[in-house]
**Q** 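Pasting a structure below so you can have a look.
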Amino acid sequence: MTRPALLVDGVGRDYADKKNVVTALSEVSFRVGPGEVVGLLGINGAGKTTLLRIIATLLTPTRGRVLVDGVDVEADPRAARRHLSVVFGGDRGLYPRLSALDNALLFGSLGGVPTRDLEKSARGALTSVGLLDVAGRPVNTFSKGMKQRLHLAVGLMARPSLVMLDEPTVGVDPLETERLRSAVAKLPGEGIGVLLTSHNLQDIERLASRVVMLRDGRVTHDLPLHDLVEQNGGGTVVTVLSSEPCPIAAGTAQASGIRVLAGAYTPEDGVWRTEFEVAEWTAGSLRALAEWWPPGAVKDVRVQPVGLEQVFGRLAGATAGESR
């Protein structure tokens, strides 16, 4: 069997004070194979941050073990870090007055890349994220999305077995989001395993082949993305564009199998946009929706299958008000 890029085996983590013991993680087990992108999902308080900190060698588990490319992160954290890159992104962690190339060279050197290989590795990493043509520009002239791609390039300098990406597209404009996703999509072809967390579920849908879901510190689902959606999906998402707001409050379910997901006014279009989840899309359900508005108010109706966002909402909804 091929050695996994990441093996999480029965990991638990407790936090204790003088009065109480709180279990943040309990018997968490999964793996990320070489060249595999795994999405890690869970609502706030599910245990994701604790788990990521353990994998990143910033926190020790109370029980269980984590292996990065076969190296135990607790027994030998320094060796484990040589096989691991953690990309949190953001404006911090880069030297703004240095060029992109100089940042890559500096962090590559600190990461143990041999001097003779530094420049070749730096240029290769910048090429892989589409920044070679601006390699000489100071980082303080970069957009947020370009900085995120530079963070990824820096993380690739030491040729890790595993890359952990935490919210890589937060605050990034749509064009830069696509560029970043394209860069991440190349990693499996290079045999690099990726553990991806993101509140932007389109990142997970576009990049992950498998999803691990945490709830209350435990793994509730570990499935290929397609199977997760198929087993927990069903139904249709319908978007109604109208000249007047939907008279039914968000979250309301109707006897006809229609549930209001959300509604908002979009000034750029000059219309109200309301999303519904419909158990079975038929001519009858279309008529039921149309009857909620006065004649002529509905401008357009768009229909698509239930996706990961709706499935995640269903699976996480039972504990949506909890935190840890």
Side-chain angles (χ1 to χ4, degrees), residues 37 39-40 48-49 52-53 55-58 81-208 268:
V37 181
L40 180 65
K48 300 191 306 297
T49 299
L52 292 177
R53 293 183 69 191
I55 297 170
T57 76
L58 301 176
R81 286 194 289 269
R82 288 199 291 268
H83 300 273
L84 167 69
S85 283
V86 183
V87 181
F88 292 113
D91 292 331
R92 297 182 178 181
L94 298 170
Y95 288 89
R97 294 186 181 181
L98 295 183
S99 69
L101 179 59
D102 285 340
N103 269 275
L105 291 170
L106 172 61
F107 286 107
S109 178
L110 294 174
V113 178
T115 303
R116 65 181 180 275
D117 299 330
L118 261 178
E119 182 144 357
K120 181 179 179 181
S121 296
R123 291 186 179 277
L126 292 171
T127 298
S128 70
V129 300
L131 290 177
L132 185 62
D133 59 338
V134 292
R137 275 177 50 184
V139 171
N140 58 14
T141 67
F142 280 15
S143 68
K144 183 165 186 176
M146 293 169 72
K147 291 175 184 176
Q148 292 286 68
R149 285 190 283 150
L150 180 55
H151 276 293
L152 179 58
V154 166
L156 296 176
M157 282 290 296
R159 309 308 304 161
S161 302
L162 175 71
V163 172
M164 290 202 308
L165 295 171
D166 187 26
E167 304 294 342
T169 62
V170 64
V172 178
D173 67 63
L175 180 58
E176 280 293 341
T177 292
E178 285 305 310
R179 288 171 175 161
L180 186 62
R181 286 173 181 163
S182 295
V184 174
K186 298 175 184 176
L187 301 184
E190 300 175 22
I192 298 173
V194 179
L195 183 63
L196 169 65
T197 65
S198 180
H199 284 97
N200 183 347
L201 295 183
Q202 289 186 18
D203 292 341
I204 306 293
E205 284 188 308
R206 292 282 298 276
L207 296 169
E268 61 273 16

**Q** How far apart are the C-alpha atoms of F142 and L94, what are their side-chain angles, what is the distance that settles it, and do they pass the side chain to side chain contact (heavy atoms under 4.5 Å, CB included) test?
**A** CA-CA 11 Å; F142 280 15; L94 298 170; over 6 Å; no
**Q** Answer yes or no: is there a donor N or O on one side and an acceptor on the other, between the side chain of R53 and the main chain of T57, under 3.5 Å?
**A** no
**Q** Got a salt bridge between R206 and E178, using NZ or NE/NH1/NH2 to carboxylate O under 4.0 Å?
**A** yes
**Q** Shortest non-hydrogen contact from I204 to G39?
**A** CD1-CA, 3.9 Å
**Q** For S121, what residues pass the side-chain hydrogen bond (donor to acceptor under 3.5 Å, both in side chains) criterion, not counting sequence neighbours?
**A** none
**Q** Check whether any side-chain heavy atom of L150 sits under 4.5 Å from a side-chain heavy atom of V129, and report yes or no.
**A** no
**Q** Please lay out, stage by stage, how V194 and L165 fare under the test side chain to side chain contact (heavy atoms under 4.5 Å, CB included).
**A** CA-CA 7 Å; V194 179; L165 295 171; 3.9 Å; yes
**Q** Just jot down the side chain to side chain contact (heavy atoms under 4.5 Å, CB included) partners of S99, sequence neighbours excluded, or say none.
**A** L101, D102
**Q** Give the minimum heavy-atom separation between P168 and T197, together with the two atoms involved.
**A** CD-O, 3.6 Å
**Q** Got a sec, which residues hit side chain to side chain contact (heavy atoms under 4.5 Å, CB included) with S182, two or more places apart in sequence or on another chain?
**A** none
**Q** Mind listing the closest non-hydrogen atom pair of A183 and S128 along with its distance?
**A** CB-O, 3.9 Å
**Q** Distance check, rounded to the nearest 0.5 Å: R81 atom CZ versus L58 atom CG?
**A** 8.0 Å
**Q** Do any N or O atoms from the side chain of K48 and from the backbone of L40 form a donor-acceptor pair under 3.5 angstrom?
**A** no
**Q** For L195 and L52: C-alpha separation, side-chain torsions, deciding distance, then whether side chain to side chain contact (heavy atoms under 4.5 Å, CB included) applies.
**A** CA-CA 9 Å; L195 183 63; L52 292 177; 4.0 Å; yes
**Q** For residues I192 and L156, determine if any side-chain heavy atom of one lies less than 4.5 Å from a side-chain heavy atom of the other.
**A** yes
**Q** Does a side-chain heavy-atom distance below 4.5 Å link D166 with V87?
**A** no
**Q** Taking all atoms of both residues into account, what is the closest heavy-atom pair of A153 and A125, and its distance?
**A** O-CB, 3.4 Å
**Q** If you measure from OG1 on T127 to CG on L132, what distance do you get to the nearest 0.5 Å?
**A** 4.0 Å
**Q** So H151 and F88, do their side chains get closer than 4.5 Å, heavy atoms only?
**A** no
**Q** Are L162 and I55 side-chain neighbours, meaning at least one heavy-atom pair lies under 4.5 Å?
**A** yes
**Q** How far does CG of L105 sit from CG of L98, to the nearest 0.5 angstrom?
**A** 10.0 Å
**Q** Under 4.5 Å between any side-chain heavy atoms of L106 and V154, yes or no?
**A** no
**Q** Enumerate the salt bridge (charged side-chain N to carboxylate O under 4.0 Å, His left out) contacts for residues 118-127, please, sequence neighbours excluded, ordered by first and then second residue.
**A** E119-R123
**Q** Kindly compute the distance separating CG (D117) from CE (M157), expressed to the nearest 0.5 Å.
**A** 9.0 Å
**Q** Output side-chain donor-acceptor pairs under 3.5 Å for residues 108-116, partner residues at least two apart or in another chain, one line each.
**A**
none

**Q** Quick one: side chain to side chain contact (heavy atoms under 4.5 Å, CB included) partners of T177, sequence neighbours excluded?
**A** T169, V172, R181, D203
**Q** Determine yes or no for a side-chain-to-main-chain donor-acceptor pair under 3.5 angstrom, with N140 supplying the side chain and R97 the backbone.
**A** no
**Q** Under a 4.5 Å cut-off applied to non-hydrogen side-chain atoms, are E167 and N200 in contact?
**A** no
**Q** Under a 4.5 Å cut-off applied to non-hydrogen side-chain atoms, are M164 and S85 in contact?
**A** no
**Q** Is it the case that the side chain of R149 and the backbone of L180 share a donor-acceptor pair, with hydrogens and angles ignored and the cut-off at 3.5 Å?
**A** no
